[in-house]
Protein chains: 2
Amino acid sequence: MGKRSYGQYCTVARALDVIGERWTLLLVRELLTGPKRFKDLLAGLPGIGTNLLTGRLKALEEDGIVRRTVLPPPAGSRVYELTDLGRSLEPVIVELSRWGAGLLGAPRGEEDLRPAWAAVALRSVFDAEAASAPKETYEFRIDGEVFHVRIEGGGVEARQGPADDPDLVVVGATEAFLAVAAGRMRPEEAVEAGSIRASESRDDDALVRCLEMLQPVASGSG
Amino acid sequence: MGKRSYGQYCTVARALDVIGERWTLLLVRELLTGPKRFKDLLAGLPGIGTNLLTGRLKALEEDGIVRRTVLPPPAGSRVYELTDLGRSLEPVIVELSRWGAGLLGAPRGEEDLRPAWAAVALRSVFDAEAASAPKETYEFRIDGEVFHVRIEGGGVEARQGPADDPDLVVVGATEAFLAVAAGRMRPEEAVEAGSIRASESRDDDALVRCLEMLQPVASGSG
DNA sequence: CGGAATCCTCTTCGATACTG
DNA sequence: CAGTATCGAAGAGGATTCCG
């Protein structure tokens, strides 16, 4: 069966023909921070069901957005990762994240909460400020999971795993990072309250610079 | 019945909870160029069905993205328009459009084709170059429908209707504009082939500047 | 463990017809 | 025109099972 299409010769419609179905962009979000195994994806997409995940992955593979690979030893696990075309969806996710940040109030009852989602939100906040930022690398330890954000040449990369030689290591809870990224809490508040703290820092200014980049969102988004 | 939600405390998921359903972002695309009546929306979203359009509009109204208004006299028609929150979705549409441009080949058999979609695609191309651009206004007459693009202070606005005092008026066919916006055809080619032409211009350089802004995409997107 | 396939129920979609 | 009502078709989603 051919997939459903809007049947419009339009750039936006064509994009949505490919990545507009339910779960698809969240699947891309999961892969944005690095390759993932099938069961990792299942865990990051609560409620999707194995059949649907299989179907989406197959469609994305056919469209050249996702690729199956085997991780180098000693891992050796079969994983899914984004192709270049898939990674070029990053600006879409970033804008969605920035828009969604304004709608994100307090967690509702029984809503899932994962460290990786805070990493994506942080990435979209830094993205807005990266143009005027110096080259810098931050490591985030969010509820035990480790990510790093590299800011360089106006671009931003957020990936899972530790950074080598980070300028700053920040430790905190998922909800605190999300509250800051969504502009619900000023970064200094979070630091003062102890829900976010610098654990290692190359120089004292690194934390200040990091917080300054997170700052504009708090005031900017209405 | 509450609407379906991913149930994730995540900025991206929250955005998709609101605008992730089928047709919703295309509906926003339609309103991006200005207020529209119900039947205009139906015409711009072939295949949607009246019940679904009604439902989507109602949901968007409840979420503060769309507002019902009456156009000032002599029009006096009931229309739907974007709120500020709705308009802030523009970056999302722009990025989707830029991503989709790379996938947009030649029109497939029986695909719909509307002038307004070319206007949206043009807007997303200009958006990338607006930061370094001077203040300028272009009027586009696409298969008889009139739009204008205003570039000012790094921002871009694309709306339906004529511009007052445009620096340049460009006339052409929908498909030609889309081919250029998608990078399938270099702007000078389109001009040489006569499928796009300047009908009025404040100075001779206006067309050159306009084409230069359209140029980088042709080479940039694979 | 990593997935694919099946079954069943529910919701949503999409097209048409109908009403204020 | 601007919607509501209706109904068959398609997709979502949860459980379970099978296979390598």
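Reminder, nothing fancy here: chain letters follow the sequence lines and each chain counts from 1.
- A:Arg22 has no side-chain polar atom (N or O) that falls below the 4.0 Å cut-off from OP1 or OP2 of C:dT11.
- The distance from atom CG of A:Leu26 to atom P of D:dG13 is 11 Å, rounded to the nearest whole Å.
- At least one side-chain nitrogen or oxygen of A:Arg37 sits closer than 4.0 Å to the OP1 or OP2 atom of C:dG2.
- Among the nucleotides C:dC13, C:dG3, C:dT6, the one closest to the side chain of A:Phe38 is C:dG3.
- Comparing B:Asp40 and A:Pro46 against DNA chain D, the residue whose closest nucleotide sits nearer the 5' end is B:Asp40.
- Nucleic acid contact for A:Gly49: none, since no nucleic acid atom lies under 4.0 Å from a heavy atom of the residue.
- Among the nucleotides C:dA4, D:dG13, D:dG3, the one closest to any side-chain atom of A:Thr54 is C:dA4.
- Using modelled atom types and a 3.5 Å distance limit, the side chains of A:Gln160 and A:Thr33 yield no donor-acceptor pair.
- Straight-line distance from the CG atom of B:Leu53 to the C1' atom of C:dA15: 14 Å, rounded to whole Å.
- Side-chain proximity of B:Lys39 to C:dG3, D:dC1, C:dC13: nearest is D:dC1.
- In this structure, B:Arg78 does not reach the D:dG3 phosphate: none of its side-chain N or O atoms is under 4.0 Å from OP1 or OP2.
- Taking only side-chain atoms of A:Arg4, from C-beta outward, the nucleotide of C:dG14, C:dG2, D:dT4 with the closest atom is C:dG14.
- A donor-acceptor contact under 3.5 Å is not formed by the side chain of B:Asn51 with the base of D:dG3.
- One N or O on the side chain of B:Asp40 and one on the backbone of B:Arg37 form a donor-acceptor pair closer than 3.5 Å.
- Checked against C:dG3, D:dG14, C:dA15, the side chain of A:Tyr80 finds its nearest nucleotide in C:dG3.
- Regarding contacts with the backbone of D:dG13, every side-chain N or O of B:Tyr6 stays at 4.0 angstrom or more from both OP1 and OP2.
- Between the side chain of B:Thr50 and the base of D:dT4, a donor-acceptor pair under 3.5 Å is found.
- Closest approach to the B:Leu52 side chain among D:dT6, C:dC13, C:dG3 is made by C:dC13 (side chain taken as heavy atoms from C-beta onward).
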